[in-house]
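Below you'll find the structure, written out as structure tokens, and then a few comments.
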Amino acid sequence: MKDTVKNLFYKEFCYNPDKLYFSPGRVNIIGGHTDYNGGAVLPFCIDLGIYAAVSKRKDKIIKVYSTNMSKKGIINFNLNNLDYDKNRNYVNYVSGVLHKLKSLGYIIHYGFDMVISGNLPRGGGLSSSAALLVLTTKIIKDLMNLDITDIEIAKITKAVENQYIGVQCGIMDQFIIAKGKKDNVIYLESSTLDFEYIPCELNNYKFVLINSNVARKLTNSEYNTRQAETQEVLKILRKHVNINHICDLSPKDYNIYEQYIESHDLKKRFKHLVNEHLRVKQARDALQNSDFESLGKLLYAAHISAKNLYQVSSNILDELVEMGMDSGSLGSKMIGGGFGGSTLNLIKSDNMESFLTDFTIKYKNRFRRTPIINIVNIVDGVRELL
Ligand code: GLA
């Protein structure tokens, strides 16, 4: 991939790139929708992602070409015109970063040429948007010698998603892609951004992703509705208890305060969040004790809660989860925003072969096609490739 992206750069721009980068996709083991409710998450970076080749230019033009969007050709824009532009398509993620950096007072005099090529499966829900945002920020930081920490990169790119792209997401995806570490997952408290690396060498157990093949566009989905619903819950709760976030409350508190919430749906969102926040802590402990059996149970419980209480699953995701469990997964769940994307399965290495065989048979019988399965490794976050 590294050479491919380098060669593609040469083909498009007729000179060699100065630098090469890789920005990974992410998996959240557990902590569904807790990150914009002050709760904890447990994500890691995977060995699938976006590769980039770049060079600084001597003028103010930015030129971007993506092999995944090759029909669009090279998309250009100027540093003097950074407002959102529908015609710029996916390159708005690039202009959005520049727009934000400029508004924060960073001085950027020059543009750049960039070729990107990703191997994240389409519709996999593995956060290609955060991967592109973090990648772009890291590249600009390096090319223009800007003084920006990894955590600032996470905050800046989250702000671009929220304010420029219009998705009211939390900080999990941007944070893990900026700070991820090989063979470690991150336990992150989203309210304070306190975090801890939890070593996770996957020798006897593996994480397997199954792609539902249903592309999910967060902007068009109910993601923003869930964000608004939880704001509503918080508003009601704050009339009765002094909290900053829903996840400041425990499952016991739920029993005390649920009476103040009339809407049945809002009660369900509340219940999911307090239980899920607790599950993340339990999952962290299970990982630290290498107790993968308990971790698996927590994953499945998290899926059931995402399905019944937070209501962000889909029939296909639910079927894939059940197929995973029936094929020997220790725990299976949807990951990411929901309504499509992938399921995560925790498999004992000794059972991998039988899992893959059983799952493939079941899947083919049901969907009449071959499943898209990826056994993933835990890798470092965004980085320059030397
Ligand atoms: C998407 C968002 C994240 C997080 C997850 C759900 O991936 O970008 O901030 O809310 O959904 O856990």
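All of these numbers come straight from a predicted model, not from anything done at the bench. This chain uses plain numbering: 1 for the first residue, then up along the sequence. As the structure lists them, so they are numbered: ligands from 1, and atoms in each ligand from 1. We use all heavy atoms of the structure for the numbers below, so side chains are in, but hydrogens, waters and symmetry mates are not.
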Below 3.5 angstrom, do we get any N/O pair linking Ile171 and ligand 1? no
Just jot down the ligand 1 atoms closer than 4.0 angstrom to any heavy atom of Gly31, in number order. 12 (O)
Would you check, one step at a time, whether the test side-chain contact (heavy atoms from CB on, under 4.5 Å) holds for Leu273 with Tyr310? CA-CA 8 Å; Leu273 288 170; Tyr310 215 72; 4.0 Å; yes
Taking salt bridge (Lys or Arg N to Asp or Glu O under 4.0 Å) as the cut-off, I'd like each qualifying pair that reaches into residues 342-366, sequence neighbours left out, listed once. Glu319-Arg366
Sub-4.0 Å heavy-atom approach of Ser127 to ligand 1: no
Enumerated ligand 1 atoms positioned under 4.0 Å from heavy atoms of Tyr36: 10 (O)
Taking only Lys NZ, Arg NE, NH1 and NH2, and the carboxylate oxygens of Asp or Glu, determine whether Lys63 and Asp113 approach each other closer than 4.0 Å. no
Considering only heavy atoms, does Arg26 approach ligand 1 within less than 4.0 Å through its side chain, its backbone, both, or neither? side chain
Can you classify the ring geometry of Phe195 versus Tyr197 as parallel (below 30°), tilted (30 to 60°) or perpendicular (above 60°)? perpendicular
Taking only heavy atoms of Gly32 into account, list the atoms of ligand 1 that are under 4.0 Å away from them. 12 (O)
Going by the atom numbers of ligand 1, which of them fall below 4.0 Å from some non-hydrogen atom of Gly170? 9 (O)
Mark up the atoms of ligand 1 that fall under 4.0 Å of a heavy atom belonging to Asp173, in ascending order. 1 (C), 2 (C), 3 (C), 7 (O), 8 (O)
Looking at side-chain heavy atoms only, is the closest gap between Tyr110 and Lys60 below 4.5 Å? no
By side-chain hydrogen bond (donor to acceptor under 3.5 Å, both in side chains), Thr67 pairs with (sequence neighbours left out) Ser117
